[in-house]
Amino acid sequence: MSQDTQNPANPIAQTLNDTLGVQKRAFAQTPAPTVQQRIDRLNRLHNAVVDYKDRLIAAVDADFSGRASAETEILEILPVLEGIAYNKKRVKGWMQQSRRHTPLMLFGSTTKVHYQPLGVIGIVVPWNFPIFLGLSPLVGALTAGNRAMIKTSEFAPRTGELVKEMIEATFSPDEVTVHTGGVEVASEFTKLPFDHLVFTGSTQVGKIVMRAAAENLTPVTLELGGKSPAIIHESFPIEEAAKRIAFGKGLNAGQVCVSPDYILVHRSKLPAFTAAFEKAMTGQYPSLRDNADYTAIITERQQERLEANLQDAREKGATIREINPKGETFDGTRKMSMHVVTDVTDDMRIMQEEIFGPILPVVPYDTLDEAIAYVNARPRPLALYYFDWDKARGDHMLNATHSGGVCLNDVMTHVAVDDMPFGGVGPSGMGHYHGKEGFLNFSKAKGVVRKGRFNPTSYIQQPWGNSMYNFYMRFQYRRYRKIG
Ligand code: NAD
């Protein structure tokens, strides 16, 4: 469907199409935004986030029925501001044309790669970080000189509406727009012929989105989920590993794409790990129900899913240890305590689906090779965490496994590094953004040959077999004779 198509039968599609048309026409009029224009857009976004910061934090808190404000600050607001500052400093350098090697036949020409904005980027946002996962791709898109349309998540509606208000106060509709609404909007949105589409969400919906994008041959960046393992080497101090894991798993009550999904621990250390993890969690969250530091579950549906998965594990023989220091009940709230699950088997849903909540299965292994084989027998995860002070074994782990990103001796902190690509592999996603990789992702790397007045190809062109051609080919075959 083209952006000029009239579709009175579907007003949602019509509105989205119209907006895309407006942005595409504006882009066609200024197809090469200067460094200054890009920095101006990034500055406007920066100021908007600073101005709206407190309201954004309150909106996320309301959407979650309790989200730790420090989590919104440190995992959403700050990373957006840091990303903007990082990109502003480097955008001029990234935009430079890159000179390339010129082959002999083009002697006298210059060969360069130009980094051209693609046009209009579509951005689909999930609920778990409803600010950062909309604005961070936007930072990349604007740095690369594009315009953008953002679809927010229906499960974080207050944040969605506020982000919409903020963007409308900051950008003209031909620069950036925000679209709220449910699946019916999301579905039409992903059918639009964007120049690139960034989808952050589940692997299951990612497949639907990629199918819709395929109709327009719209390239996609898919930022999906999966089961990110944390492996603890037998020699690693178990209390230290447990503390570092508890810090990450506690964030957003485990509702993070790169949250440690399950732990692989040496069989001899399993009881020590579960005890140390409980101690660390209790230290972080001495109480849960009215503790503003401990985030709630986003919706009742998600809470029911998590409870049902625990019940499934229980029925199939798992041992479940609830970490609830004060023995509180949570009726009337969406708080849910952390659960450590042992004696797990492959047929349990918690070992098949991404957990995305406060449940932590712990799986024993006997040899490191066995732990590696366990990870490799499953879909490639978004992140992998390995705790081991031994560098050689750490390097071996990096070579022996595939994942979107890795933290050695920690969890999740790799996402905070602007100077590294972020993205999954296989079922956990495709494509990268953040930093320079984000700029490249949202640019067309266009190879350009500029020929001068002297035209060397004219000496060897048709009719083929002329003496210059024969000389040239003899010369080349001598260069490229058989090796060895
Ligand atoms: P989701 O896939 O249910 O929804 C994501 C977005 O897709 C929403 O905006 C929704 O409106 C839209 N959507 C839903 N159905 C659609 C359809 N049929 N067609 C087009 N769009 C549709 O994901 P969620 O529950 O919001 O988020 C949780 C998932 O996101 C987890 O799997 C998590 O791992 C993943 N995630 C990944 C990253 C990452 O950076 N890789 C970050 C955060 C979350």
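Counting starts at 1 for both ligands and their atoms, in listed order.
Applying the side chain to side chain donor-acceptor pair (under 3.5 Å) criterion to Lys207, with sequence neighbours excluded, gives no partner residue. With sequence neighbours left out, the side chain to side chain donor-acceptor pair (under 3.5 Å) criterion links Asp54 to no other residue.
When heavy-atom distances to ligand 1 are checked against 4.0 Å, the residues falling inside are Val124, Val125, Pro126, Trp127, Asn128, Leu133, Lys151, Thr152, Ser153, Glu154, Val183, Ala186, Ser187, Thr190, Phe199, Thr200, Gly201, Ser202, Val205, Ile208, Val209, Glu223, Leu224, Gly225, Cys257, Glu354, Phe356, Leu382, Phe422, ordered by chain and number.
Rounded to the nearest 0.5 Å, atoms CZ (Phe132) and CG (Leu138) are 12.0 Å apart.
For residues 336-365, the pairs satisfying ring pair (Phe, Tyr, Trp, His ring centres under 6.0 Å) are Trp127-Phe356, His266-Tyr365, with sequence neighbours left out.
Ring orientation note: the planes of Tyr433 and Phe422 are nearly perpendicular, at an angle over 60° on the 30°/60° scale. Using cut-offs of 30° and 60° on the angle between ring planes, the pair Phe194 and Phe189 is tilted.
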